[in-house]
Amino acid sequence: MSDIKKIKDEFLEKLNEDLNIESVNEIKSELFGKNGKISTSFKNLGSLPAEERKKFASDLNFVKDELQEKINKKIREIEIKEINSKLENEKIDVTLPERNIVQGKIHPVSQVIDELSSIFSEIGFSVEEGPDVENEHYNFTALNTPDNHPARDMHDTFYLDDKKELLLRTHTSPVQVRTMLKGKPPFKIIAPGRTYRSDSDQTHAPMFHQVEGLHIDKNINMGHLKGCLDYFIKSFFEVDKIKMRFRPSHFPFTEPSAEVDIGYELKDSKIVIGEGDKWLEILGCGMVHPNVLKNVKINPDKYQGYAFGIGIDRLAMLKYGINDLRAFFETDYRWLNHFGFDPLDVPSNYRGLSR
Ligand code: PHE
């Protein structure tokens with residue numbers, strides 16, 4: 001009997017400790033497993049003298065029941081504790097205020113590129129892209145700007161190698177060449193993107209953005225160019241009337257060439273497009289030079305067309321009243337928060353940028 005009492009005391013004490021399910025199961029098999037202490041005690045019953053056996057068996061049964069019950073109780077306790085801690089940790093506090101979603105803003109340049117793309121797509125232009133790292137041939141030679149042509153110096157080019165073969169494109173015009181080499185006329189494309197020149201002041205940044213336009217077909221003339229630009233400027237600035245002026249100019253890849261100014265006036269130091277007697281230059285354009293067409297194996301007697309290049313940053317500054325170009329590229333969060341645009345799908349719990 002003393003053996004059984006010892007087992008009982010020992011295990012009751014163990015079961016009083018702070019246990020997890022695994023250690024309770026271990027205790028269970030130490031007692032009731034195949035070679036468990038209680039199981040072997042039962043096996044040993046047979047070897048006891050008959051007069052002791054009955055008492056021992058009854059004591060053993062008592063202890064067995066007591067330990068069994070204690071184990072079951074312990075398991076229930078652990079399970080309840082687990083459920084409670086889950087309830088505690090996973091509870092949802094429906095009274096908590098919702099969290100702000102930090103929603104980015106769309107940069108004015110990206111916004112204007114989207115606007116341009118949709119305005120031009122309405123009159124049949126598709127969007128093309130070209131690489132920022134361009135070769136000298138596409139950036140200059142194919143565009144009728146041979147070596148030693150003074151226009152090359154005007155571009156203040158960033159060259160990427162000593163042989164001056166690779167460069168950061170100085171305009172989006174090489175996309176004209178790439179597009180025409182890729183397919184067959186007619187072409188009606190715009191190509192927005194980054195451009196680079198070694199230049200920096202309040203209205204010039206070494207990286208800036210242009211959108212190229214190219215329309216090649218049979219019988220395209222300067223009237224089409226004028227109509228296209230008139231439509232674009234009105235749509236972009238959301239005005240019914242504009243004043244537009246073509247000034248004769250020179251680009252090696254167009255003939256004739258023009259620079260286009262739009263009329264504006266200042267009202268309460270704000271620019272109003274379409275009225276007044278002040279002029280702002282916004283783009284360069286012209287009829288694609290026959291040499292450019294020849295360079296891309298298009299017969300200039302059969303096909304002709306116009307091209308234009310517009311400064312995107314300038315457009316954004318004019319439309320959205322931003323007066324320092326450099327701020328566009330300084331990645332100042334406060335600036336972007338002020339001048340940036342909300343995406344179309346704004347979640348209902350949007351609270352603006354939080355920092
Ligand atoms: N590529 C010219 C520039 O960067 C603009 C332009 C494009 C002019 C197409 C004529 C035709 O200044």
(message) Check Glu265 with Lys278, please: is the shortest side-chain N to carboxylate O separation under 4.0 Å?
(response) no
(message) Going by salt bridge (charged side-chain N to carboxylate O under 4.0 Å, His left out), name the residues that satisfy it together with Glu30, two or more places apart in sequence or in a different chain.
(response) Lys14
(request) Kindly confirm or rule out a cation-pi arrangement of Lys37 over Phe11, judged by NZ or CZ under 6.0 Å from the six-membered ring centre and within 45° of its axis? (result) no
(request) Decide, yes or no, whether a salt bridge links Asp240 with Lys234 under the criterion of side-chain N to carboxylate O below 4.0 Å. (result) no
(message) Using the rule that Ile, Leu, Val, Met, Phe, Trp and Tyr join whenever any side-chain heavy atoms are under 4.5 Å apart, tell me whether Leu318 and Leu229 fall into a single cluster.
(response) yes
(message) Would a single hydrophobic cluster contain both Val177 and Val127, if residues Ile, Leu, Val, Met, Phe, Trp and Tyr are joined by side-chain heavy-atom contacts under 4.5 Å?
(response) no
(request) Output yes when Glu212 and Arg178 qualify as a salt bridge under the 4.0 Å nitrogen-oxygen rule, no when they do not. (result) no
(request) Let me know which of Phe236, Phe125, Tyr231 forms a ring-ring contact (aromatic ring centres under 6.0 Å, His included) with Phe120. (result) Phe125
(message) Between Arg314 and Glu281 (salt bridge meaning N to carboxylate O under 4.0 Å), is one present in this structure?
(response) no
(request) Please determine if Lys226 and Asp230 form a salt bridge, counting it only when a charged side-chain N lies under 4.0 Å from a carboxylate O. (result) no
(message) I need the minimum non-hydrogen distance between Phe253 and Asn144, along with the two atoms involved.
(response) CA-CB, 4.5 Å
(message) Less than 3.5 Å apart, any donor N or O on the side chain of Asn20 or Ser23 sitting next to an acceptor on the other?
(response) yes
(message) Less than 4.0 angstrom from a charged side-chain N to a carboxylate O is my criterion; do Arg326 and Asp324 meet it?
(response) yes
(message) Count I, L, V, M, F, W, Y as connected when their side-chain heavy atoms are under 4.5 Å apart, and connections chain through other members. Are Val109 and Phe341 then in the same cluster?
(response) yes
(request) Report whether Phe246 and Phe251 are members of the same hydrophobic cluster (ILVMFWY, side-chain heavy atoms less than 4.5 Å apart, transitive linking). (result) no
(request) Examine His171 together with Tyr196 and report whether their ring centres are nearer than 6.0 Å. (result) no
(message) Taking transitive links into account, so neighbours of neighbours count too, which hydrophobic residues share a cluster with Ile83 at under 4.5 Å side-chain distance?
(response) Leu87
(request) For Lys81, check salt bridge (charged side-chain N to carboxylate O under 4.0 Å, His left out) against everything at least two apart and list the hits. (result) Asp18
(message) With no hydrogens and no angle check, just 3.5 Å: does a side-chain donor-acceptor pair link Asn16 and Lys70?
(response) yes
(request) Write out all pairs satisfying ring-ring contact (aromatic ring centres under 6.0 Å, His included) with one or both partners inside residues 82-103, taking only residues at least two apart or from two chains. (result) none
(message) If hydrophobic clusters are built from ILVMFWY residues whose side chains come within less than 4.5 Å, do Ile310 and Met287 share one?
(response) yes
(request) State which residues pass ring-ring contact (aromatic ring centres under 6.0 Å, His included) with His107; sequence neighbours excluded, sorted by chain then number. (result) Phe328, Trp335
(request) Could you list the residues that satisfy ring-ring contact (aromatic ring centres under 6.0 Å, His included) with Phe237, not counting sequence neighbours? (result) none
(request) For Ser41 and Phe56, work out which heavy atoms get closest and say how close. (result) O-CE2, 4.2 Å
